[in-house]
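What follows is a set of notes on a single structure, which appears directly below.
Side-chain atoms are counted along with the backbone in the values below, which use heavy atoms only and exclude waters and symmetry mates.
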Amino acid sequence: MEKTHLPELKSSFGYMICILSATPSDPNCRVIFHDRRDNCASFCRPGDVEYIKQELDADYMPFATTTFKGKVYWLTLRCDRYSLVVVDFTGQSLHFRGLIKQQCLVIAPGVIHSRYYLIESENELLVVQKIYLGLSCDVTNFRVLRAEFSKMEWVEVESIGQRTIFLDNNRGMASSSIEAGTRSNCIYFIDFGDKNLYVFDMEDHSITTLLPCPNVSRHDSLPFWIWL
């Protein structure tokens, strides 16, 4: 297995996001770490001896990130409105261009909060909203929206067809359900401190609870997906 050498981060605490702009062999590849404590981005090219650190404006705090067609996209919260921005690398700096500013947040009675994921799937850029309801903060529903770049707007998706979306606490990915051997038109999700696996069916909005690893400690578990 080939290893890619990166500079050492001074502190790993606070870095909740790490994203590659391209494959490590690509000469335009950058590695970006985001520190939520002070809203700073540290980025470099593979093989660099140190990171470039840049303080970000509060409007560009990323809540979800992904790469799509060779570009890095962030979902940010600006003036109580989630916006899609593209990240450009200009010299030694990151620059941001706002794209879709249409509100994609659903506010309904009993909704405590939502978590958002940006996902590249079958030549589409999707945003997935995981909705927590009630004082127990149980996940009760999902929304999937597709970016329509020609109109610069989000379009709600009722079905993802023969695809499966996988979500953990911070990241998401999608795959052909046939290749993955999973249920089509479903969202598989796991959460921090929970050893259960849940399956949300986009057709009838039902949630099935599975227990694939009963011996895992509930309180010490930090589940995440690994794509091989």
Side-chain angles (χ1 to χ4, degrees), residues 9 12-22 28-44 51-108 111-121 124-132 139 141-157 165-174 187 189 191-192 224:
L9 286 171
S12 60
F13 181 78
Y15 291 99
M16 301 299 294
I17 291 175
C18 174
I19 187 168
L20 290 171
S21 65
N28 294 316
C29 175
R30 268 87 166 186
V31 184
I32 310 173
F33 290 91
H34 180 260
D35 188 341
R36 293 189 64 88
R37 296 170 302 176
D38 51 9
N39 194 23
C40 284
S42 297
F43 58 97
C44 72
Y51 291 96
I52 300 170
K53 188 173 182 179
Q54 180 177 331
E55 294 184 6
L56 305 180
D57 186 279
D59 286 343
Y60 297 117
M61 166 82 78
F63 287 83
T65 63
T66 195
T67 54
F68 178 66
K69 293 185 176 180
K71 294 286 187 179
V72 176
Y73 290 86
W74 287 8
L75 192 67
T76 66
L77 184 62
R78 308 175 65 186
C79 301
D80 297 325
R81 183 180 296 270
Y82 282 94
S83 300
L84 182 70
V85 302
V86 62
V87 182
D88 292 321
F89 300 91
T90 306
Q92 302 289 305
S93 302
L94 301 179
H95 292 271
F96 303 89
R97 290 183 290 120
L99 297 178
I100 301 178
K101 301 179 181 180
Q102 172 194 2
Q103 180 64 286
C104 58
L105 174 66
V106 167
I107 301 176
V111 173
I112 299 299
H113 69 93
S114 297
R115 188 178 295 275
Y116 288 86
Y117 304 82
L118 281 175
I119 296 175
E120 177 184 12
S121 175
E124 294 178 336
L125 181 60
L126 307 176
V127 61
V128 179
Q129 179 186 9
K130 181 163 62 173
I131 301 172
Y132 296 81
V139 178
N141 201 6
F142 287 86
R143 291 175 72 228
V144 179
L145 301 101
R146 182 183 68 251
E148 283 286 353
F149 290 103
S150 61
K151 300 179 180 179
M152 289 299 175
E153 65 181 17
W154 295 108
V155 177
E156 188 150 7
V157 176
I165 291 175
F166 302 88
L167 306 177
D168 57 31
N169 200 46
N170 296 309
R171 297 169 297 271
M173 64 186 77
I187 299 174
F189 66 99
D191 266 320
F192 175 76
F224 54 90

Find out whether [X] and [Y] are in side-chain contact, i.e. whether some heavy atom of one side chain is under 4.5 Å from a heavy atom of the other.
| X | Y | result |
| --- | --- | --- |
| Arg146 | Val144 | no |
| Asn170 | Arg115 | yes |
| Ser21 | Phe43 | no |
| Leu99 | Met152 | yes |
| Ile52 | Arg30 | no |
| Asp88 | Lys71 | yes |
| Leu84 | Phe149 | yes |
| Pro62 | Ile17 | yes |

For Phe63, is the NZ or CZ atom of Arg36 found under 6.0 angstrom from the centre of its six-membered ring and inside 45 degrees of the ring axis?
->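 So Arg36 does make the cation-pi contact.
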Check step by step if side-chain contact (heavy atoms from CB on, under 4.5 Å) holds for Leu56 and Phe96.
-> CA-CA 10 Å; Leu56 305 180; Phe96 303 89; 3.9 Å; yes
Between [atom1] on residue [X] and [atom2] on residue [Y], distance to nearest 0.5 Å:
| X | Y | atom1 | atom2 | answer |
| --- | --- | --- | --- | --- |
| Leu126 | Ile119 | CG | CD1 | 6.5 Å |
| Thr65 | Tyr73 | OG1 | OH | 13.5 Å |
| Leu125 | Phe68 | CG | CZ | 5.5 Å |
| Arg37 | Tyr15 | CZ | OH | 6.5 Å |
| Leu118 | Thr66 | CG | OG1 | 6.5 Å |
| His34 | Ile19 | NE2 | CD1 | 12.0 Å |

In this structure, which one of Tyr116, Tyr117, Tyr82 forms a side chain to side chain contact (heavy atoms under 4.5 Å, CB included) with Val127?
-> Tyr116
Can you name the closest pair of heavy atoms from [X] and [Y] and give their distance?
| X | Y | value |
| --- | --- | --- |
| Gly172 | Leu167 | CA-CD2, 3.8 Å |
| Ala22 | Cys29 | O-SG, 3.3 Å |
| Gln54 | Gln92 | OE1-O, 4.4 Å |
| Val139 | Lys130 | CG1-CG, 3.7 Å |

Do [X] side-chain atoms and [Y] backbone N/O form a donor-acceptor pair below 3.5 Å?
| X | Y | result |
| --- | --- | --- |
| Asp168 | Arg171 | yes |
| Asn39 | Glu55 | no |
| Tyr51 | Val31 | no |

Between the side chains of Ser114 and Gln129, is a donor N or O closer than 3.5 angstrom to an acceptor N or O?
->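 Checked: Ser114/Gln129 side chains pair up, N/O donor to acceptor below 3.5 Å.
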Verdict with supporting geometry, Ile131 and Phe142, side-chain contact (heavy atoms from CB on, under 4.5 Å) = CA-CA 6 Å; Ile131 301 172; Phe142 287 86; over 6 Å; no
